[in-house]
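It should be emphasised that the depicted structure is a prediction, and the values quoted were computed from it without experimental measurement. The first residue of the sequence shown is numbered 1, and numbering continues consecutively from there.
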Amino acid sequence: MSEDTRAAREIRHGQWLAEQETETVWGWGTPAGQLRAKRRADLIMDGSGLNEKSRVLEIGCGTGFFTERFAATGATIFAVDISPELLVKARSRNLPDRVTFIEKRFEECDAEGPFDAIIGSSILHHLDIDKSIERIKELLKRGGSIGFAEPNMLNPQVYLERRFHYLPMFSYTSPDETAFVRWKLADKLRRAGFEHIAITPFDWLHPATPKSLIGLVKGMGKVVEALPIAREFAGSLYINARLPR
């Protein structure tokens, strides 16, 4: 499969997403979804140490939903996405001038590095992961950090979405996206030269959880996330690593 073909499919999928209530399709619009979004944004921001001195590259910014949260730290952010339609929605947020949106495939991104941190939510699984890791290394400063939240292939729903993406019920899934098994991804990062690699399964709160049950599900999720074996089936993976100084 050529990268051009893959990129074209991702652009078409972005166009379809832009025609929908995008955050609703992604599951961020519900009360439970909003809590999930806040948690993953906090994990990424805290793990990467974002502050007003940070120069940050966000990969796959989409509608700018997470960009807006990242920008609240005061960081200077270069946010890249392949979809012109989704970037229209991102720019309509009228974020501060220290946020710059770039329409480009990440693998071809020519933003001027190095960056203190490279971050993103649910984006690496859309890319050629080996090429993306190498590009991240090229753009990240020595001692810089990465922070991502990605789907966990061991989660039953995630597995079904990827295995049967062509079914109408999984129309929100693009044909080329995948998911990750944490120890395999950790090995790729280790072989690429990253250190202090931490990939943590998290997120048992489904976006469709009724508001009245959110507290119960969050509590149960906290317990399961502490249990060996059981935690491996969480919905998401939080990924944090650094380049040596």
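Contact of the Phe180 side chain with the Ile129 side chain is registered, since non-hydrogen atoms from C-beta on lie closer than 4.5 Å. In this structure, Asn155 and Ser236 have side chains that are not in contact, with every pair of non-hydrogen atoms separated by 4.5 Å or more. Ile146 has its side chain within reach of Leu189: a pair of non-hydrogen atoms, C-beta onward, lies under 4.5 Å apart. Between Leu17 and Ser83, every side-chain heavy-atom pair lies at or beyond the 4.5 Å cut-off. A 4.5 Å side-chain heavy-atom check between Leu185 and Glu150 finds every atom pair outside the cut-off. Annotation: side chain of Leu139 is in contact with side chain of Phe106 (closest heavy-atom distance under 4.5 Å). Counting heavy atoms from C-beta on, the side chains of Leu237 and Pro201 come closer than 4.5 Å. Side-chain contact between Arg12 and Arg9: present, with at least one pair of heavy atoms (C-beta onward) separated by less than 4.5 Å.
Atom CG of Asp42 and atom CG of Leu50 lie 11.0 Å apart (nearest 0.5 Å). A distance of 14.0 Å separates CG in Leu205 from NZ in Lys222, rounded to the nearest 0.5 Å. Annotation: the span from Ile44 atom CD1 to Ile119 atom CD1 amounts to 6.5 Å, rounded to 0.5 Å. In this structure, CZ in Arg98 is found 14.5 Å from CZ in Arg55, a value given to the nearest 0.5 Å. Distance check, rounded to the nearest 0.5 Å: CG of Leu154 to CZ of Phe233 gives 6.0 Å. Taken from CG in Leu243 to NZ in Lys137, the straight-line distance is 7.0 Å, to the nearest 0.5 Å.
The backbone N or O of Pro244 sits less than 3.5 Å from a side-chain atom of Arg142, completing a donor-acceptor pair. The backbone N or O of Glu108 lies less than 3.5 Å from no partner atom in the side chain of Arg135, so there is not a single donor-acceptor pair. A donor-acceptor pair under 3.5 Å is formed between the side chain of Asp81 and the backbone N or O of Gly62. Side chain of Glu10 to main chain of Arg6: no donor-acceptor pair is present (N/O by atom type, distance under 3.5 Å, no hydrogens or angles). Checked by atom type and distance alone, the side chain of Arg182 pairs as donor or acceptor with a backbone atom of Ile199 at under 3.5 Å. In terms of modelled atom types and a separation under 3.5 Å, the side chain of Glu225 and the main chain of Asp203 share a donor-acceptor contact. Side-chain N or O atoms of Arg242 include none that pairs as donor or acceptor with a backbone N or O of Glu195 at under 3.5 Å.
Taking the six-membered ring for Trp and thresholds of 30 and 60 degrees, Trp28 and Phe66 have ring planes more than 60 degrees apart, a perpendicular arrangement. Between Phe170 and Tyr172, the angle of the ring planes goes over 60°, which puts this pair in the perpendicular group of the 30/60° scheme.
Heavy atoms of other residues, nucleotides or ligands lying less than 6.0 angstrom from CD of Glu138 number more than 12. Open room surrounds CZ on Arg245; 12 or fewer heavy atoms of other groups in view lie less than 6.0 Å from it. Heavy-atom contacts from other residues, nucleotides or ligands closer than 6.0 Å to OH of Tyr159 number 12 or fewer.
A donor atom on one side chain and an acceptor atom on the other are found under 3.5 Å apart for Arg40 and Ser122.
The side chain to side chain contact (heavy atoms under 4.5 Å, CB included) check on Glu177 picks up His125, His126, Arg162, Thr173, Ser174, with sequence neighbours excluded.
For the pair Glu68 and Arg93, the salt-bridge criterion is met [side-chain N within less than 4.0 Å of a carboxylate O].
Considering Leu57, Ile118, Val99, Ile59 as possible partners of Phe78, the one that fulfils the side-chain contact (heavy atoms from CB on, under 4.5 Å) test is Leu57. Screening Arg91, Glu23, Lys89 for a side-chain hydrogen bond (donor to acceptor under 3.5 Å, both in side chains) with Thr63, the sole residue that qualifies is Glu23.
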**Message:** Is there a side chain to side chain donor-acceptor pair (under 3.5 Å) between Gln15 and Glu19? Walk through the geometry before answering.
**Reply:** CA-CA 6 Å; Gln15 184 177 27; Glu19 293 169 352; 4.5 Å; no

